[in-house]
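Structure record follows, encoded as structure tokens.
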Amino acid sequence: MTSIGIVSTGIYIPENFMSSKEISEKSGIPIYVVEEKLGIKQKPIASEEDHTCEMGIKAARIALEKSAITPEEIDLIIYIGEEHKEYPLWTAALYMQDSLGAVNAIGFDMALRCGTTIMALKIAKDMMLSDDSINTVLLAGGYRNEDFIDYENQRTRFMFNLAAGGGALLLKKNPEENELLASHLITDGSFSKDVVVVAGGTKHPISKEALEMGLNKLDVLDPEGMKARLEERSMRNFLEAIRGSLKRSGLSEKDVDYLGILHMKRSAHDYVLKELGLSQCQSIYLEEYGHIGQIDQILSLELALEKGKIKAGDIIVLVSAGIGYAWGATTIRWGKANN
């Protein structure tokens, strides 16, 4: 039976970091709240040269260097970075293709906010299983939505963790290791207009006045309404996505050895681990990195491998949540197929 596996990962982290002290000073939030409740000790931020797609290309080059795969062997590139990139109307995957020399690939961009990597893993696997011509796939992209944060806007304080970086995954058909099992995704469109950048689209074109009013930054249009609705559904859907992915993989939460979870407030992170019966050592809290959007899952996986938290035969679940609102999880059986 055909299987799809992860060959290698790549992560690019900018050299510049913002400290918890700086976040505290910019926002007026006490530093203990930034560190203990928001769970941020520091986070990478983009320099003038750290453009979104370029960070994904840097991560892709690292992933390729760690593998035996050449750019010419890539059949498909799925850009998993943000829509906030070098140019507003632009297919980043095709620039990535040219930059890497993946002359035999086709490419396209995907967008599901911070759920993009999980969605792309499902789409890539489905395409590889249904198309004999697609054997090697690159998922890569960058993220720097920290550009849209106004630290004086307390409505957006739950997004003060937004950071910058790039990530990549190389997938191959029948690699006999690191097998992608099933994914489970949930979307709820009732949250679709709760978190937006008001100016810059067709409804509210960018203008001098919009810039002066700060309408080019992320905002929460109905903070109280969103909080009430999201608190009711978010953790439930988060856990449902994880359990759904495991169930579709023929597994249950007792089989999980490592959870690659996005950065969120510390209490929510701890709640998820407790509900799944996992210990703190079975995950990594990304307090030194903040939230690099859809790159978090790749970063968590790579850090866990570096720290020896994952061994052959382990069951790994990568899980995401993104504004819109979307929740998703993918299960992976790590190591050789015969382990």
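Values reported hereafter were calculated over all heavy atoms of this structure, with side chains retained and with hydrogens, waters and symmetry mates removed.
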Using a strict 4.0 Å threshold on nitrogen-to-oxygen distance, state whether Glu275 and Arg236 make a salt bridge.
no
Establish, yes or no, whether the cationic atom of Arg233 lies under 6.0 Å from the six-membered ring centre of Tyr325 and within 45° of the ring axis.
no
Within the structure provided, determine whether Leu64 and Ile69 are in side-chain contact (heavy-atom separation under 4.5 Å).
yes
State yes or no: are the ring centers of Tyr289 and His263 separated by less than 6.0 Å?
no
Quick check: do Pro223 and Met226 have side-chain heavy atoms less than 4.5 Å from each other?
no
Donor-acceptor pair, side chain of Ser300 and main chain of Gln297, under 3.5 angstrom
no
Any donor-acceptor pair under 3.5 Å from Glu73 side chain to Thr70 backbone:
yes
Considering only heavy atoms from C-beta outward, does the side chain of Ile45 approach that of Phe17 to under 4.5 Å?
no
Please step through side chain to side chain contact (heavy atoms under 4.5 Å, CB included) for the pair Thr331 and Leu318, ending with a clear verdict.
CA-CA 6 Å; Thr331 300; Leu318 305 181; over 6 Å; no
Would you mind reporting whether Val137 and Ile74 have side-chain heavy atoms less than 4.5 Å apart?
no
Just wondering, do Ile118 and Leu185 contact through their side chains at under 4.5 Å, heavy atoms?
yes
Could you go through the salt bridge (charged side-chain N to carboxylate O under 4.0 Å, His left out) check for Lys336 and Glu176 one step at a time?
CA-CA 6 Å; Lys336 295 291 184 181; Glu176 298 184 351; over 6 Å; no
Could you tell me whether Tyr151 and Phe160 have their ring centroids closer than 6.0 angstrom?
yes
Donor-acceptor under 3.5 Å (Asp150 side chain, Glu152 main chain)
yes
Any ion pair linking Glu25 and Lys21 (charged N to carboxylate O, less than 4.0 Å)?
yes
Asp126/Lys122 salt bridge by N-O under 4.0 Å criterion
yes
Specify whether Phe148 and His84 have parallel, tilted or perpendicular ring planes, treating 30° as the upper limit for parallel and 60° as the lower limit for perpendicular.
perpendicular
May I ask you to test the Ile242-Leu259 pair for a side-chain heavy-atom distance under 4.5 Å?
yes
Keeping Asn178 on the side-chain end and Ile6 on the backbone end, is there a donor-acceptor pair under 3.5 Å?
yes
I'd like to know if the side chain of Glu302 reaches the main chain of Leu299, judged simply by a donor and an acceptor atom lying under 3.5 Å from each other, with no hydrogens or angles considered.
no
Checking Lys58 against Tyr12: charged group under 6.0 Å from the ring centre and within 45 degrees of the axis?
yes
Would you say that Met96 contacts Tyr79 through its side chain, given a criterion of any heavy-atom pair below 4.5 Å between the two side chains?
yes
Charged N to carboxylate O under 4.0 angstrom, Lys43 versus Glu287?
no
Hey, is the main chain of Ala46 close enough, under 3.5 Å, to the side chain of Glu146 for a donor-acceptor pair?
yes
Is Asp194 paired with Arg229 through a side-chain N to carboxylate O contact shorter than 4.0 Å?
yes
Polar side-chain atom of Thr116 near backbone of Arg113 as donor-acceptor pair, under 3.5 Å
yes
Evaluate the side-chain proximity of Arg157 to Ser27: yes if any heavy-atom separation is below 4.5 Å, no if none is.
no
